[in-house]
Enquirer: 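I have a structure here, written as structure tokens, and I will follow up with some questions on it.
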Amino acid sequence: MQYYYIITFGCQANVADSERIASKLNALGYRIAKDEKNADLIVINACSVRQSAMNRVYGKIRNLKNERIILAGCILEKDKKKLSTKYQNIEFWHPDEYFDLTPIYSDNASANIPIMTGCNNFCTYCAVPYTRGRKRSRPAENIIKDVKTALKKGIREIWLLGQNVNSYKDKNINFAKLLRMINNIPGNFWIRFTSPHPKDFSDDLIKAMKECGKFSHYINLPLQSGDNNILKKMNRPYTAAHYKKLTKKIRKAMPDIAISTDIIVGFPSETRKQFENTVKVFKEIKFDMAYLSEYSPRPKTNAMRFMEDNVPHKEKELRKKILNDVLIKTALEKNKKLVGKTLIILNNRTSGNKLVLRSLASKCKKQGFLTVKITKATPWHLEGKLL
């Protein structure tokens, strides 16, 4: 009997890939090891989208003693060549090799279900089109099958995944229709999705989100920058005004929805004045959460090819801190409104994807949906009493 161990870096799409890789390896006769030291085969599901993630991959490989290593996930050709030249025991798997395999879910309550892969947007900072290729949507019937299979296994939270999830299209089925189809599947479960693009967020999708009772009221809606010139340089085809109008529409339809966002600070040529435009939008929208990152050049992208990475690292760190300080205030303000309310949680998270710490968690063995009364709020989590 041979054993494997999977190490995952990156986003939920990579987590979903790892669950499908596990299925493939089980079918080949391997069994999962309790740790990497006891594995005959190590699978590293990598991410070239950010340099910091690849740095961790390089560090991990240097410390591994295993004879056979498989590198999977979002990997740029430059990183592949560098690793294959230095290490002779590495082979590479592309995500398409296991895209439609039945996964072995790593979470007994939540399922990551890819509905598409790749991207056609070519944002100037993003390596995804060069690692996962052009957009490809899965057949709706395969997605529905995956959802039903997950529900039979006791899963109660369905995450629909895609690099540009709301651009999904299978024949006459767009993302709004797919959402309605999944909502109509019998059972008590939540539907979540990530990551949508503002340019593809239609009124019909907002209507579907409002009408679908199983859609949990949370979205991550990447802004990236609040300055129109920087957005143009990023090849993000919307303006700050369009984004603000879109968030107002979404909140009007679902007043209790929690909205998080992604921001890149220190994009090439971003001035302090342009950054202040991002701060202004950030303050106006009042996000529940935000994922803040410093720009880092990625091979093949137009930003690296044609733009100078001319914002100093210390300035990037400062800008990130400024936004984080705003977020602390807005997130706390949002969370305080939930104190005293009774909420349903799953996996210690609310419908709005807010983490709830429960004093009775260690004593409670019940799986699935739980009811808590919120007793305390911080910017990053809530505390609650189990009812």
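Values below: every heavy atom of this structure, side chains too, minus hydrogens, waters and symmetry copies.
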Enquirer: With no hydrogens and no angle check, just 3.5 Å: does a side-chain donor-acceptor pair link S137 and D170?
Expert: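 Short answer, no.
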Enquirer: With no hydrogens and no angle check, do the side chains of N183 and R180 hold a donor and an acceptor under 3.5 Å apart?
Expert: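 The criterion, which ignores hydrogens and geometry beyond distance, is not satisfied for R180 and N183.
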Enquirer: E270 and V311: which non-hydrogen atoms are nearest, and at how many Å?
Expert: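 Result for this residue pair: O-CG2, 3.7 Å.
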Enquirer: Hey, quick one: are V147 and Y168 part of the same hydrophobic cluster, counting side-chain heavy atoms closer than 4.5 Å, chains of contacts allowed?
Expert: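 Cluster IDs for V147 and Y168 match.
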Enquirer: Within the 3.5 Å criterion, strictly below it, is a donor on S18 or T8 matched to an acceptor on the partner's side chain?
Expert: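 Distance-only check passes for S18 and T8.
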Enquirer: Would you tell me whether K354 and N335 have side-chain atoms, one donor and one acceptor, within less than 3.5 Å of each other?
Expert: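 On atom types as modelled, these side chains qualify, holding a pair under 3.5 Å.
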Enquirer: Assess, by modelled atom type and distance only, whether the side chains of N166 and D200 contain a donor and an acceptor separated by less than 3.5 Å.
Expert: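 D200 and N166 do not have a side-chain donor-acceptor pair below 3.5 Å.
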Enquirer: When the ring planes of Y238 and H197 are compared, do they come out parallel, tilted or perpendicular, using 30° and 60° as the limits?
Expert: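 Perpendicular.
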Enquirer: For R192 and S216, test the side chains for any donor-to-acceptor distance below 3.5 angstrom and give the result as yes or no.
Expert: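 On atom types as modelled, these side chains qualify, holding a pair under 3.5 Å.
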Enquirer: Side chains of S106 and E19 only: does a donor on one sit below 3.5 Å from an acceptor on the other?
Expert: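 Result is yes, a qualifying pair exists.
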Enquirer: When the ring planes of F175 and F193 are compared, do they come out parallel, tilted or perpendicular, using 30° and 60° as the limits?
Expert: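 Because their plane-to-plane angle is over 60°, the rings of F175 and F193 count as perpendicular.
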Enquirer: Out of the candidates K320, K314, K316, only one should pair with E294 under the salt bridge (charged side-chain N to carboxylate O under 4.0 Å, His left out) rule; please name it.
Expert: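 With E294 as partner, salt bridge (charged side-chain N to carboxylate O under 4.0 Å, His left out) holds for just one option, K320.
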Enquirer: Do you see a donor-acceptor pair shorter than 3.5 Å between the side chains of Y125 and N235?
Expert: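 Absent: no donor and acceptor within the cut-off.
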Enquirer: Using every non-hydrogen atom in the two residues, find where S48 and D79 come nearest and quote the distance to one decimal.
Expert: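 Closest heavy-atom pair between S48 and D79: OG-OD2, 2.8 Å.
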Enquirer: Go through W190 and F369 one step at a time and tell me if the ring-ring contact (aromatic ring centres under 6.0 Å, His included) criterion holds.
Expert: CA-CA 10 Å; W190 282 348; F369 294 104; 5.1 Å; yes
Enquirer: For S110 and Y105, test the side chains for any donor-to-acceptor distance below 3.5 angstrom and give the result as yes or no.
Expert: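 Looking only at side-chain atoms, Y105 and S110 do not form any donor-acceptor pair under 3.5 Å.
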Enquirer: Looking at D203 and K207, is there a salt bridge between them, counting it only when a charged N and a carboxylate O are closer than 4.0 Å?
Expert: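 Salt bridge between K207 and D203, a charged N being under 4.0 Å from a carboxylate O: no.
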Enquirer: Looking just at side-chain N and O atoms, do K199 and N121 make a donor-acceptor pair shorter than 3.5 Å?
Expert: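 Yes.
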Enquirer: Just by distance, with hydrogens left out, do T124 and K233 show a side-chain donor and acceptor under 3.5 Å apart?
Expert: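 There is no such pair (donor and acceptor under 3.5 Å, judged by atom type) between the side chains of T124 and K233.
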